[in-house]
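Since the model is a prediction, treat every value here as computed from it, not as a measurement.
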Amino acid sequence: MKLHFQPQTSLVRTFAKTLKRCCPDALNLLNPGVAEPEIKLFKNRYKQSLPKTFYDFYRWCNGSAYESLEDDWLFPFEHGRSILPLESIGKEKDFWDAQSKIYFQEWQQGEYWNEAWIPFMKVDDVWLRVVDTKGCFGGIPGQIISFDCKSEPFRSIECDSFDKWLETVIAKIEVECLFKEFHELGFEEENKIFAIEKRINPNRRSVELELR
């Protein structure tokens with residue numbers, strides 16, 4: 001990964017420095033950041049209120065996945081989960097926005113999928129993590145939600161904001177747990193992750209979806 005962009009926000013600067021100091025090899029998992037015209041196109045197309053940190057993060061690295069006409073590879077970043085490139089975020093969002101106009105009618109409107117959600121992490125076709133720009137389920141606009149795309153009628157409210165997610169990532173890098181999949185974690189590492197989540201994201205909770 002060639003690093004040309006210097007992060008503007010302190011949190012992304014800390015992330016970049018911590019990654020380089022603790023896990024320099026992991027830099028190879030990340031794509032070079034996107035140029036400003038791509039950021040502008042994304043903003044103009046989706047017009048969602050995303051934090052400055054989000055765009056600063058994508059200026060520094062454009063996810064941990066590779067796409068071409070022939071291939072679509074997802075590289076693990078956080079416990080087997082991959083960060084979507086900005087272009088893939090748009091494709092994923094367009095897909096779910098279209099699906100929600102046809103399917104998911106058995107659930108309360110905007111609960112299975114909401115057009116205010118911006119997906120930014122993925123595991124194959126089974127799991128998504130999104131920035132919720134609306135504040136669904138009585139939560140805070142900008143909160144981070146994840147869910148099983150296939151069958152689970154639950155939504156996990158993970159963090160209060162993208163900044164809190166990135167703060168959690170930095171803490172996991174420092175204890176060398178971030179790049180391990182869950183089944184690879186030992187008992188002590190699981191306890192470290194639990195302590196990190198409890199400290200940074202005390203409002204974590206699960207919401208069961210309601211049928212109409």
Side-chain angles (χ1 to χ4, degrees), residues 1-68 71-93 117-123 127-133 141-146 158-181 193 196-197 200-201:
M1 177 186 180
K2 295 180 180 179
L3 303 178
H4 301 295
F5 174 77
Q6 295 300 316
Q8 299 171 5
T9 59
S10 60
L11 198 56
V12 178
R13 282 198 300 271
T14 300
F15 165 72
K17 289 177 181 178
T18 305
L19 193 62
K20 186 175 181 181
R21 172 170 51 86
C22 298
C23 303
D25 292 343
L27 292 171
N28 296 323
L29 294 173
L30 303 177
N31 303 320
V34 295
E36 201 60 37
E38 295 174 73
I39 295 283
K40 187 175 181 179
L41 283 173
F42 185 88
K43 287 181 176 180
N44 289 339
R45 181 171 184 178
Y46 296 105
K47 301 186 185 302
Q48 302 286 4
S49 181
L50 290 162
K52 183 178 179 180
T53 307
F54 177 90
Y55 290 114
D56 200 36
F57 180 86
Y58 272 91
R59 289 184 185 99
W60 187 78
C61 74
N62 188 25
S64 62
Y66 168 79
E67 269 194 299
S68 72
D71 302 292
D72 182 3
W73 301 337
L74 293 174
F75 297 129
F77 178 76
E78 183 183 8
H79 309 315
R81 301 153 173 171
S82 305
I83 305 174
L84 291 170
L86 202 64
E87 183 179 358
S88 298
I89 289 177
K91 291 179 180 179
E92 198 73 33
K93 177 168 171 53
W117 294 354
I118 302 292
F120 72 100
M121 293 191 77
K122 185 177 181 180
V123 178
W127 181 91
L128 277 180
R129 176 178 280 154
V130 305
V131 181
D132 168 22
T133 64
Q143 66 187 358
I144 304 301
I145 297 176
S146 69
E158 296 188 328
C159 312
D160 286 343
S161 65
F162 185 84
D163 285 33
K164 287 294 183 182
W165 170 76
L166 192 53
E167 187 179 339
T168 305
V169 164
I170 293 167
K172 289 181 180 180
I173 293 172
E174 289 175 334
V175 297
E176 300 181 355
C177 292
L178 183 74
F179 298 101
K180 293 185 177 181
E181 296 199 32
I193 289 175
I196 288 169
E197 294 287 2
I200 301 175
N201 304 302

Working to the nearest 0.5 angstrom, can you tell me the gap between D160 CG and I200 CD1? 11.5 Å
CG-OG1 distance between L178 and T168, expressed to the nearest 0.5 angstrom: 10.5 Å
If you take all heavy atoms of I118 and Q48, which pair is closest and at what distance? CD1-CG, 3.5 Å
Within the structure provided, determine whether Y58 and I89 are in side-chain contact (heavy-atom separation under 4.5 Å). yes
F179 and L29: side chain to side chain contact (heavy atoms under 4.5 Å, CB included), yes or no, with the steps? CA-CA 10 Å; F179 298 101; L29 294 173; 3.9 Å; yes
Interatomic spacing from OG1 in T133 to CG in L50 - rounded to 0.5 Å: 6.5 Å
Taking CD in E176 as the centre, count heavy atoms belonging to other residues, nucleotides or ligands within less than 6.0 Å. Is the count above 12? no
Check for a donor-acceptor pair, side chain of N44 on one end and backbone N or O of K40 on the other, with a separation under 3.5 Å. yes
Measuring from atom OG of S82 to atom CH2 of W127, what distance do you get when rounded to the nearest 0.5 angstrom? 9.5 Å
Side chain to side chain contact (heavy atoms under 4.5 Å, CB included) between Q8 and K52: does it pass, once the steps are laid out? CA-CA 9 Å; Q8 299 171 5; K52 183 178 179 180; 4.1 Å; yes
Taking H79 for the side chain and K180 for the main chain, is one N or O donor matched with an acceptor at less than 3.5 Å? yes
So does G90 get a backbone contact from the side chain of Y46, meaning a donor-acceptor N/O pair under 3.5 Å? yes
Of all heavy-atom pairs linking V131 and G142, the shortest is CG1-O, 3.9 Å
State, to 0.1 Å, how close P119 and V130 come at their nearest heavy-atom pair, and which atoms those are. CA-CG1, 3.7 Å
Test side chain to side chain contact (heavy atoms under 4.5 Å, CB included) on K93 and R45; report intermediate values, then the result. CA-CA 11 Å; K93 177 168 171 53; R45 181 171 184 178; over 6 Å; no
Got I39 and F54 here, is their nearest side-chain heavy-atom distance under 4.5 Å? no
Centre-to-centre under 6.0 Å for F120 and F162, is that the case here? yes
Hey, what do you get for CG (D56) to CD (Q6), rounding to the nearest 0.5 Å? 10.5 Å
With respect to L166, which candidate in T53, T9, I144 satisfies the side chain to side chain contact (heavy atoms under 4.5 Å, CB included) definition? T53
Could you please spell out the steps behind the side chain to side chain contact (heavy atoms under 4.5 Å, CB included) verdict for F57 and L11? CA-CA 9 Å; F57 180 86; L11 198 56; over 6 Å; no
So which atom in C22 and which in P24 form the shortest heavy-atom distance, rounded to 0.1 Å? C-CD, 3.6 Å
Taking all non-hydrogen atoms of both residues, which atom of A26 and which atom of L19 are closest, and how far apart? CB-CD1, 4.0 Å
Any side-chain to backbone donor/acceptor pair from R129 onto I145? Under 3.5 Å, distance only. no
How long is the straight-line distance from CD of E78 back to CH2 of W165, given to the nearest 0.5 Å? 6.5 Å
Under the salt bridge (charged side-chain N to carboxylate O under 4.0 Å, His left out) rule, collect the residues that match up with E36, sequence neighbours excluded. R59
Using side-chain heavy atoms (C-beta onward) and a distance below 4.5 Å, is E197 in contact with E158? no
Has N62 got a side-chain atom pairing as donor or acceptor with L86's backbone, closer than 3.5 angstrom? yes
